[in-house]
Amino acid sequence: MEQHVTPSEDAPPPLMYRVERPVYDEAYLHTQLLHPRERSPKTIRQRLAQQLHCSSERAKAIALSFLPILTWLPSYPVKEYLFGDLVSGLSTGVMQLPQGLAYAMLAAVPPVYGLYSSFYPVLLYTFFGTSRHISIGTFAVISLMIGGVVVREAPDSMFTIQALNGTTTNATALIDTGARDARRVHIAAVLTTLVGIIQLVLGLLRFGFVAIYLTEPLLKYLLGIQTPRFSGPLSALHSVTAVFSNITSANVTTLIVGVVCIVVLYSVKDLNERFKKKLPVPIPGEIIVVIVSTGISYGLSLSENYQVDVVRTIPTGLLPPEIPDFSLLPNLVMDSIAIAVVGFSMGISLAKIFALKHGYSVDGNQELIAMGLCNFVSSFFQTFAITCSMSRSLVQESTGGNTQIAGLLGSMVVLLVVVAIGFVFQPLPQTALAAIIMVNLLGMFKQFRDIPALWRTSKIELAIWVVAFVASVLLGLDLGLLVALGFAILSVIYRTQSPESIILGQVLDTGLYCDVDEYEKAAECTGIKIFHSNSSIYFANSDLYLNTLKEKTGVDPVHLQAIRKARRRKLKKECAERDSQNHKSPQKKSAVVKLDVELGVTHEVVAGGGSQNHLEVQGNGQVAETHTESDSEETRFLEPLSKAIKLVIKEYAAVDVCVFIAGCSRTLLAELRTLQFFTGVVTPEMVFPTIHDAVLHCQRRTAPPTIPAIQ
């Protein structure tokens, strides 16, 4: 026989919430219930002694903070981590090679300097970085920003020489590429030095920031067209115009090689994405393309027979350190700030993503210091600025990398190529490097898929996205970043100028208060308006806040004062007419003026007779007698706002509408006391810890205040 059990029989009894206490106001809380701890402020000498105190524990903590490798290397589990780090390091190193060569083109320096930038910073980050999974090295956006600065400071026109063709009349303008490249390397190194200094200073000052990144086209390398490189505003449009105006001179062989490389790279990337769970390691499509295209170029002599641009000279070995030319610094300050911010933003965002996934923490300030050291120290070895790469970081993490030992092994792969076999890649076609860059940048263009979602969720965020994209394409990455940040700041101001405000109502038989327009069960308490603002309040939007308060509650004291004065004049006139018509003893009468509750006015009871008349506010909870303002925790710049609130309380008091404040934090109340907010018309008895306290106080008020009689 089946037994049917109702859900109520199986369900546990509801957890009950019963609290019985008096209604608290701020006066009682501050003087009776809460007793602030007595703290004597420390003197400057005591603070300095505390900061400069030295002990073995403090020295150890500083060392571990500055060299995070000391926190995990002594306990490195060799059996568990070494194989994964080895595979990950080899995979990442194989990706570092082609990307380093390719991104050096974007930085407008010879390709070998991309290899240097893929070795020194990675080696340094192993010791100073806090992330275990990001891959430090060259990155497309940073390389583009550096390239724009380098081309601006060392344009081709500075290195034009005249080549004579037999006679003095036939002179051809040529570019001294050797001198140009040497100058550009010096500029990139100085820029990297300044970027490192800025990041170091920001890290030591405990600074954090977030920024954006975008990109621009690479058609000239893909088509093999010889055009000048542009920098500054509208450089992307100038580049595209120059490419299409010279489209007839495109090298067909270069185009074919580039398109084939793109197809192969995209196919390999798609296979890696589709079968990433089945593949032990991703297929290294980039190094395959580099090796195959280098072999074909060497075997068919593409450079000599088909005029295909190749990498050409790759010196063997590392360069000795060289002090940058610091006389260039004044022209590079603003550019270095933009590069430092974008580089750190990319690094810290990816570092936090991997840290959250694998259950450890990263220190943003130490990351700034680590990247600053990577850029500053490496710049003496002719590198350009670096950050982490999204694609390489994903490979390093997905192939089993557990620590920066993987990055260290990857840098050893690059070192092997630089000191031993770099000459092998001299026939590498530049169009293959352009293909690698374009396929890697496809992931950024996938951000266009976010547009429909942003349109549905936040049109302001979509506007920021569009402005950032358009500004970066038209004005360049440096000015585009500045415009995007400025627009983002303006959007914040706009949002704070349009605060979201609601009227709250009580959910029956609970202490919960919700939006009356949103929830059916929330009903306004009779005679009480509860106003709630969800946005920050400061001097720029305080007037709008107060206007919204009057609009939402329907209680405008200025309007009510005008109505009241008109009523008083009418009553005086009627009384004067009655007195002139009736000279007998005055008869006691009552004139009741009942205004619309929606206007926020209480019943006004005017009692006739005698020399003194009193206007009484009926406190029986049946009329709109009290306005309660809730949630002022998000208040900033309190001094002008406190004056505005005191003024509005005074205005409401003039029409017998009492204002109470509820839900303020203790920190906010302490600041208000410092500003002597609780003086005059405002007292601590008008402030309550919760909305329910304020509502109960309003409902229980029985002794109505009086004002002087109407004359």
Side-chain angles (χ1 to χ4, degrees), residues 69 72-73 76 81-104 111 114-140 142-143 265 268-269 271-273 276 279-291 343 346-347 349-351 353-355 357-358 362 367 370-371 374 378 383 386-422 425 433 436-437 439-440 443:
I69 191 174
W72 55 265
L73 186 60
Y76 181 78
Y81 283 2
L82 184 59
F83 180 75
D85 284 340
L86 179 62
V87 174
S88 177
L90 292 175
S91 302
T92 307
V94 165
M95 287 188 69
Q96 285 269 28
L97 289 173
Q99 289 189 4
L101 293 168
Y103 294 158
L115 296 181
Y116 300 152
S117 301
S118 300
F119 169 65
Y120 291 106
V122 180
L123 184 65
L124 290 168
Y125 186 82
T126 303
F127 296 91
F128 297 102
T130 59
S131 175
R132 303 175 190 173
H133 295 91
I134 64 172
S135 176
I136 291 294
T138 56
F139 183 60
I142 299 296
S143 299
L265 286 169
V268 171
K269 187 178 287 289
L271 288 173
N272 286 334
E273 184 65 26
K276 60 182 178 181
L279 293 172
V281 294
I283 302 172
E286 293 173 344
I287 195 64
I288 292 174
V289 165
V290 166
I291 293 174
M346 276 299 303
S349 60
L350 278 179
I353 290 173
F354 288 122
K357 180 178 180 180
H358 294 276
V362 292
E367 285 295 298
M371 289 191 180
C374 290
S378 301
T383 66
I386 52 84
T387 184
C388 78
S389 165
M390 186 183 304
S391 59
R392 289 198 310 273
S393 298
L394 291 172
V395 169
Q396 182 168 317
E397 187 263 347
S398 63
T399 53
N402 298 292
T403 65
Q404 281 301 329
I405 294 294
L408 180 63
L409 293 173
S411 68
M412 293 299 107
V413 174
V414 176
L415 178 63
L416 176 64
V417 173
V418 171
V419 301
I421 58 173
F425 297 102
L433 298 179
I436 291 172
I437 297 170
V439 173
N440 281 326

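At distances below 3.5 Å, at least one donor-acceptor pair connects side-chain atoms of Ser88 with backbone N or O atoms of Gln396. Between the side chain of Gln404 and the main chain of Ile134, a donor-acceptor pair closer than 3.5 Å is present. Between the Glu286 side chain and the Gln96 main chain, no donor and acceptor come within less than 3.5 Å of each other. Distance alone, capped at 3.5 Å, places no donor-acceptor pair between the Thr130 side chain and the Val362 backbone. Side chain of Thr403 to backbone of Arg132: no donor-acceptor contact under 3.5 angstrom is found. Of the possible polar contacts, one joining the Ser411 side chain to the Leu408 backbone as a donor-acceptor pair under 3.5 Å is found.
Of all heavy-atom pairs spanning Trp72 and Thr126, the tightest one is CZ2-O, 4.3 Å. Taking each heavy atom of Tyr125 and Cys374 in turn, the nearest pair found is N-SG, 3.6 Å. Residue Gly347 comes nearest to Met371 through the heavy atom pair CA-CE, 3.4 Å, listed as atom of the first residue, atom of the second, then distance. Shortest non-hydrogen contact noted between Gly100 and Thr138 is CA-OG1, 3.7 Å. Shown here for Ala351 and Ser131, the closest heavy-atom pair between the two residues is CB-CB, 3.8 Å. Annotation for Phe139 and Met390: closest pair CE1-N, 4.3 Å, computed over non-hydrogen atoms.
In this structure, the side chains of Ile405 and Tyr76 come closer than 4.5 Å at one or more pairs of heavy atoms.
Atom OG of Ser91 sits about 11.0 Å away from atom CG of Leu409, to the nearest 0.5 Å. Note: Ile386 CD1 to Ser143 OG = 10.5 Å, rounded to the nearest 0.5 Å. The CG atom of Leu124 lies 5.0 Å from the OG atom of Ser378; values are rounded to the nearest 0.5 Å. Here the CG atom belonging to Leu115 is positioned 12.0 Å from the OG1 atom belonging to Thr383, to the nearest 0.5 angstrom. Put simply, CG on Leu271 and CG on Leu279 are 8.0 Å apart, with the number rounded to the nearest 0.5 Å. Here the CD-OG distance, from Gln99 to Ser391, works out to 4.0 Å after rounding to the nearest 0.5 Å.
In this structure, His358 and His133 have parallel ring planes: the angle between them is below the 30° cut-off, well short of the 60° mark.
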Mind running side-chain contact (heavy atoms from CB on, under 4.5 Å) on Ile436 and Tyr103 for me, showing each step along the way? CA-CA 9 Å; Ile436 291 172; Tyr103 294 158; 5.7 Å; no
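Within the structure, the salt bridge (charged side-chain N to carboxylate O under 4.0 Å, His left out) test picks out the following pairs touching residues 391-408 (sequence neighbours left out): Lys357-Glu397.
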